[in-house]
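Heads up: the structure comes next, in structure tokens.
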Amino acid sequence: MAEATPVTLLTGFLGAGKTTLLNHLLRQPELARTAVLVNEFGDIGLDHLLVEKLDDAPVLLNAGCLCCTVRGDLVRVLREMLPRARRDEISRIVIETTGLADPVPILATLMTDPVAASAYRLDGIVTVVDAVNGATHLDTQEEAVRQVAVADRIVISKAELSDPAWLRDRLRALNPAAPITAVSHGAIDPAFILHAGLFDPASKIPNVAGWLNAAAFESAGDQHHHHDPNHPDARIGVYCLTFEDPLDWPELATSLEMLVASRGENLLRVKGILNLKGRDRPVAIHAVRHLMHQPVQLAAWPEGDKRTSRIIFITRDLRLAVIEDALRAFPVLPQA
């Protein structure tokens, strides 16, 4: 069976420099045979004219946020590209979102459409933050905060115009696990954004540490901010739950399904690596809002891994106590 084609989601608020970054990447040999999908806001698309493409023109999705009609367009385009991907004429797909887009619906599309879920795999969410205006966007725009919170990689753009050092702490507070780099004029090393997902295709062994970076979440602790409750950052929580003993999958699955069903609007992203009773290989889980992906059994535990179960919750307006109560109900956690 052919290897699933990696999909990179490139997001960031308006004017962050996504197109400049993408143009640089498309000139690099590591992104040869990359197909580009561009989502735009407004009646007439312009940004796709600025994207340099090595062969075909980029595909312009319908105007608007990536939900409803646009998600239908995304499914249609991914299905149309599948024969070329199977022939290895397309080695990667990059989806560049409008600056006003919530990236979560794209994840939902990749998880729920049967063709997309079997033929494509999310290789990572890359969020671009403007060194000049990024703090203002984070202060005033909830979309900008969500884009940072769910990212696998964060790129601070326009470093030639403003010192990015002061912005790093703010970004790490929102997303402790995502590696951060600063670039000038969009010049980024492709290695920073490639293979940000669960697998390095060259090894077939899951990069658990790189995918979860659970230690970063654990050291960050409760990331709810206790200042102005109306501040966008204050609505985001990032939590890591670690289980030393093997877990019972039916109990955990029921707890997670109930949590996703009842509090899905507050779950921006859930991902984890599990050590389950009766299995000698790790199991990966992934959920977005009201949708939970089928668990995937991986090839092997990485050498030296402690084989603990680690589940990351990235939330909006949802405290850790609510998550723990859901896990105690069946019970996954011991009763308080």
Side-chain angles (χ1 to χ4, degrees), residues 104 107 111 125 146 148-152 172-178 197-198 206-226 233-279 281-298 301-302 304-336:
V104 170
L107 302 183
M111 289 167 58
I125 302 173
R146 282 181 290 179
V148 170
V150 301
D152 296 299
R172 286 196 182 101
L174 273 171
N175 189 332
L198 186 57
N207 181 4
V208 172
W211 189 58
L212 287 181
N213 200 358
F217 284 100
E218 291 169 338
S219 63
D222 183 349
Q223 285 296 321
H224 272 289
H225 304 273
H226 301 291
D233 289 26
R235 305 183 67 188
I236 303 297
V238 290
Y239 314 107
C240 177
L241 296 182
T242 301
F243 305 87
E244 299 294 334
D245 297 327
L247 296 173
D248 183 272
W249 174 242
E251 292 180 353
L252 177 59
T254 302
S255 296
L256 291 175
E257 287 168 1
M258 292 292 290
L259 183 64
V260 166
S262 62
R263 304 305 296 264
E265 286 303 310
N266 306 106
L267 293 171
L268 299 181
R269 200 173 182 189
V270 179
K271 57 183 182 177
I273 297 291
L274 306 178
N275 182 5
L276 299 179
K277 293 179 181 178
R279 301 196 187 187
R281 293 189 288 167
V283 173
I285 59 169
H286 189 209
V288 174
R289 288 192 177 167
H290 291 292
L291 302 168
M292 189 165 176
H293 198 281
Q294 283 293 108
V296 177
Q297 185 163 270
L298 306 179
W301 287 97
D305 192 277
K306 295 181 179 179
R307 302 195 176 192
T308 56
S309 297
R310 288 145 283 180
I311 308 176
I312 305 297
F313 296 86
I314 304 172
T315 71
R316 181 180 58 179
D317 299 329
L318 188 68
R319 299 303 302 265
L320 176 60
V322 177
I323 298 171
E324 291 178 332
D325 286 345
L327 296 180
R328 288 191 182 100
F330 287 94
V332 177
L333 289 177
Q335 297 297 321

Has the side chain of Arg269 got a donor or acceptor atom that lies under 3.5 Å from a matching backbone atom of Val150? yes
Between Ile323 and Tyr239 the two heavy atoms that sit nearest each other are CD1-CD1, 3.9 Å
Residues passing the salt bridge (charged side-chain N to carboxylate O under 4.0 Å, His left out) test with Asp248, sequence neighbours excluded, are none
For Arg316 and Glu265 the tightest heavy-atom approach is NH2-O, 3.5 Å
For Thr242 and Cys240 the tightest heavy-atom approach is OG1-SG, 3.9 Å
CG (Leu241) and CZ (Arg310) are apart, to the nearest 0.5 Å, by 13.0 Å
Would Leu327 and Phe243 count as a side chain to side chain contact (heavy atoms under 4.5 Å, CB included) here? Give the steps. CA-CA 12 Å; Leu327 296 180; Phe243 305 87; 4.3 Å; yes
Here the pair of heavy atoms bringing Leu318 nearest to Thr315 is O-OG1, 3.0 Å
inquiry  = Does any part of the side chain of Asn275, heavy atoms only, come nearer than 4.5 Å to the side chain of Lys306, both counted from C-beta?
reply    = no
Minimum side-chain heavy-atom gap Ile285-Trp249 below 4.5 Å | yes
Contacts of Arg279 meeting side chain to side chain contact (heavy atoms under 4.5 Å, CB included) (sequence neighbours excluded), chain-then-number -> Leu276, Val283, Gln297
Just distance, no hydrogens or angles: give the donor-acceptor pairs under 3.5 Å from side chains in residues 255-264, sequence neighbours left out.
residue, atom, partner, partner atom, Å
Ser255, OG, Glu251, O, 3.1
Ser262, OG, Met258, O, 2.8
Arg263, NE, Asn266, OD1, 3.3

dist Leu298:CG -> Arg281:CZ (nearest 0.5 Å) comes out at 8.5 Å
Separation between CG (Asn175) and CG (Asp152), nearest 0.5 Å, reads 8.0 Å
Discussion item. Test side chain to side chain contact (heavy atoms under 4.5 Å, CB included) on Leu274 and Ile311; report intermediate values, then the result.
Written reply: CA-CA 8 Å; Leu274 306 178; Ile311 308 176; 3.8 Å; yes
